[in-house]
Amino acid sequence: MMGRVMLETIIWGGLSVSAWITIAIVLTMFGLLLFTKLHADIVFLGGMMALMVTGVLKPEEAVSGFSSSSVVVVGVLFVVVAGLVHTGVLQWIVRYVLGSPGKYWRAIVRLMLPVALLSSILSNTTVVALFIDVVKIWSKKLNVSPSRLLIPLSYASGMGGICTLIGTPPNLIISSFYTKETGVELSIFTPTLVGLFCLAVGILSVIALQKLLPERKTPAKSFANISEYTVELLVPTDNPMVGQSVEECGLNRIKGGHLLEIVRFDKTVITPVEDDEFIMGGDRLIFTGRIDELLQLRDSHKLVNAVHHVYSVEEVGRKRTLHTAYVTFRSSLIGEKIAETQFEKENGVTLVAVARQGERLEELPREVVLDAGDTLLLESTGKPLPQTPDIHFYDSEATHRVSGKTIVSSLIMLGMLLLSAFKVLPLVSACFLAAFAMLLTKCCTVKQARKSINWEVLMVFAGSVCLGLAVENTGIAQMLADSLLGVCGTNPYVVLFAICIVSTFVTEFVSNTAAGAMFFPIAYNAALAIDANPLTFCVALMVAVSSSFATPIGSPTHMMVYGPGGYRFSDFMRIGIPMNFIIVAADVFITVLVFPIHG
């Protein structure tokens, strides 16, 4: 119930004690998200517990987010998307739909339009991960830096998500709150016209503002030829080190670098190299670091030059693979040296090189103090890449073969959309049916389905529902709505624009799901107070909280392109701040036309 205050006995500053407790908890949560390495799911779980322990919410209210239909839909959609990914639907689209543009502005259109349309029904991070490789290919053909295309790629995935209810979590959470208040269930395509208009404006704006897109050197160029900073030395059969361990030979701590891997005479590759690994005659020892100092090692340890240096990106065999990854913005590796952690040992990878803002660092890779957004070049022995919150692999999306199941999974997805759009089944039922069909037709296995579920996203989603409930129940939403009307007056257009502009800048720093949950009760109360159409405010808010363009932390996809593009934090602000204002203006303009403000 709107405006219900749980603790009314003590009032201070016009708000109850429970309201002030909620404000303190919300500010603490946002502070932890912005200034610490704590993961979002832990922060939101802590917030839920704090709201329950302090009595702001009853236990059943605090955990109500987990049973929310919107949270359930997001969880089930992970399985549906897994079916599409593992049957090669995305690969088919990339292969047969995109084509090869001849001019830069055409590349922007050909990139942003399909990415946006795919993101309206699929996970935007999945889409962006695949299209990063497309951008690399196109940038070479167009002779432009990938940084000129990667920001548009990320923007397109965000703008595409607002086109349907299932495109992005905030749409689901806002629609579920609206249904709870009005009893009216929104269609899966309710925001489509508004979203498509904003997408068109966004694409045209990126083309018009293309001079604000930076020309950055990318880490890929820095890592183009690994042989330039690795040395391969051969162990003669009569070498005194034969039969000794790496530690006994002193190869675990060498001046100017470190032992990257050992290649046995039978082509067996050992990486990472443990201290107790034995040296054998005929071994090829691959070192990385400062070349001049490593060559001194050749003489001191009686090693010889290998006949042919096989260690380059193009020549790496199937058993030894190189991967690029970036350090996430809340990684526990920030401020640490790989040499002082157990990261390599725990994940079965070896650090080869580090790049920052497109430039390879000349320091010893394992001695570099890591920072958010650093690009790492890692070697593995062909095993599955580790799933860790500390780093994100650019090339972690497996390439799946296009087959007959590609058509089957596409038809299942289409059936889900039609069943929901024509109200044959509720959205949650249609999603469950589609997920079951994906498993039944073996478009994805049970193991793949389980692995596809992102529990961190679900925890943040459930926590956001809890947060929105607290903001509503304690009277904070009503107070903020009244304050907004006091500043903006009762003109519904001014009030709507103010809510959208504030929410779009708040979502630059916090989860867009949390922003949607917090601003919905404020927008809904404001609409009722000025006798405006709550649906107008609801749909406009969907677009606003997903329009984060000005900071790399505003969206997971921004963080995905941050490293490959060699970007700086300010690069997003240059083009992102104008984009924020443009999209908000387009949002308000089209929303009041499609959903009349006094309708």
Side-chain angles (χ1 to χ4, degrees), residues 1-34 43-68 70-71 170 173-174 176-182 459-490 495 498-499 502-503 505-507 509-511 513-532 534 537-538 541 545:
M1 181 185 299
M2 283 290 177
R4 178 171 66 86
V5 179
M6 297 182 64
L7 300 177
E8 301 184 27
T9 54
I10 302 177
I11 303 295
W12 180 39
L15 291 174
S16 66
V17 171
S18 59
W20 284 108
I21 292 174
T22 300
I23 292 173
I25 291 173
V26 170
L27 292 177
T28 301
M29 289 174 62
F30 288 169
L32 291 173
L33 289 171
L34 286 173
V43 173
F44 276 87
L45 179 61
M48 292 167 62
M49 292 177 59
L51 290 170
M52 180 173 61
V53 171
T54 56
V56 174
L57 292 178
K58 297 176 182 178
E60 58 269 23
E61 291 177 321
V63 298
S64 62
F66 294 105
S67 60
S68 169
S70 56
V71 177
I173 203 169
I174 292 171
S176 68
F177 282 154
Y178 180 82
T179 300
K180 179 182 176 182
E181 295 297 334
T182 64
M459 180 62 73
V460 171
F461 210 129
S464 298
V465 172
C466 176
L467 196 64
L469 190 62
V471 170
E472 173 189 345
N473 288 355
T474 56
I476 296 174
Q478 186 65 58
M479 184 271 292
L480 291 175
D482 293 341
S483 300
L484 184 67
L485 296 179
V487 174
C488 301
T490 58
V495 174
I499 289 175
V502 172
S503 61
F505 279 98
V506 167
T507 199
F509 303 99
V510 302
S511 160
T513 305
M518 279 202 319
F519 277 90
F520 173 81
I522 299 170
Y524 189 85
N525 282 346
L528 294 181
I530 58 178
D531 197 27
F537 281 65
C538 174
L541 185 63
V545 297

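All values below come from the heavy atoms of this structure, side chains included, with hydrogens, waters and symmetry mates left out.
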*Of all the heavy-atom pairs spanning Y524 and P534, show the shortest one and how long it is.*
CE1-CB, 3.6 Å
*asked:* For a quick test of reading the model, state the closest non-hydrogen atom pair linking A523 to F537 and the distance between them.
replied: O-CD2, 3.7 Å
*What residues, two or more places apart in sequence or in another chain, satisfy side chain to side chain contact (heavy atoms under 4.5 Å, CB included) together with T28?*
L32
*asked:* For the OG atom of S16 and the CD1 atom of I476, what is their distance to the nearest 0.5 Å?
replied: 7.5 Å
*Minimum heavy-atom distance A481-A526, with the two atoms named*: CB-N, 3.8 Å
*Who are the ring pair (Phe, Tyr, Trp, His ring centres under 6.0 Å) partners of F177, not counting sequence neighbours?*
F520
*Does the S483 side chain pair with the main chain of M479, one donor and one acceptor, at a distance under 3.5 Å?*
yes
*Say whether, by atom type as modelled, one donor and one acceptor occur between the side chain of T507 and the main chain of V545 under 3.5 angstrom.*
yes
*Contacts of A50 that satisfy side chain to side chain contact (heavy atoms under 4.5 Å, CB included) - sequence neighbours left out*: I25
*Does V26 have any side chain to side chain contact (heavy atoms under 4.5 Å, CB included) partners at least two apart in sequence or in another chain, and if so, which?*
T22, F30, L467, M518
_Testing the basics here: between M48 and G463, what is the closest heavy-atom pair and its distance to 0.1 Å?_
SD-CA, 3.6 Å
*Under the side chain to side chain contact (heavy atoms under 4.5 Å, CB included) rule, what do M49 and F44 come out as? Steps first, then yes or no, please.*
CA-CA 9 Å; M49 292 177 59; F44 276 87; over 6 Å; no
*For Q478 and G475, indicate whether the former's side chain and the latter's backbone hold a donor-acceptor pair under 3.5 Å.*
no
*asked:* Using the side chain to side chain contact (heavy atoms under 4.5 Å, CB included) criterion, which residues pair with L485? Sequence neighbours excluded.
replied: V495, A529, I530
*Taking the side chain as every heavy atom from C-beta outward, state whether L469 and K180 have any pair of such atoms under 4.5 Å apart.*
yes
*Provide the closest heavy-atom pair for L484 versus A498 in the form atom of the first, atom of the second, distance.*
CD1-CB, 4.0 Å
_Residue list, ring pair (Phe, Tyr, Trp, His ring centres under 6.0 Å) with F505, at least two apart or on another chain_ = F581
*Only one of V506, L480, I174 forms a side-chain contact (heavy atoms from CB on, under 4.5 Å) with F519, so which one is it?*
V506
*Identify the two heavy atoms, one from M52 and one from A62, that lie closest to each other, and give their separation to 0.1 Å.*
CB-CB, 3.8 Å
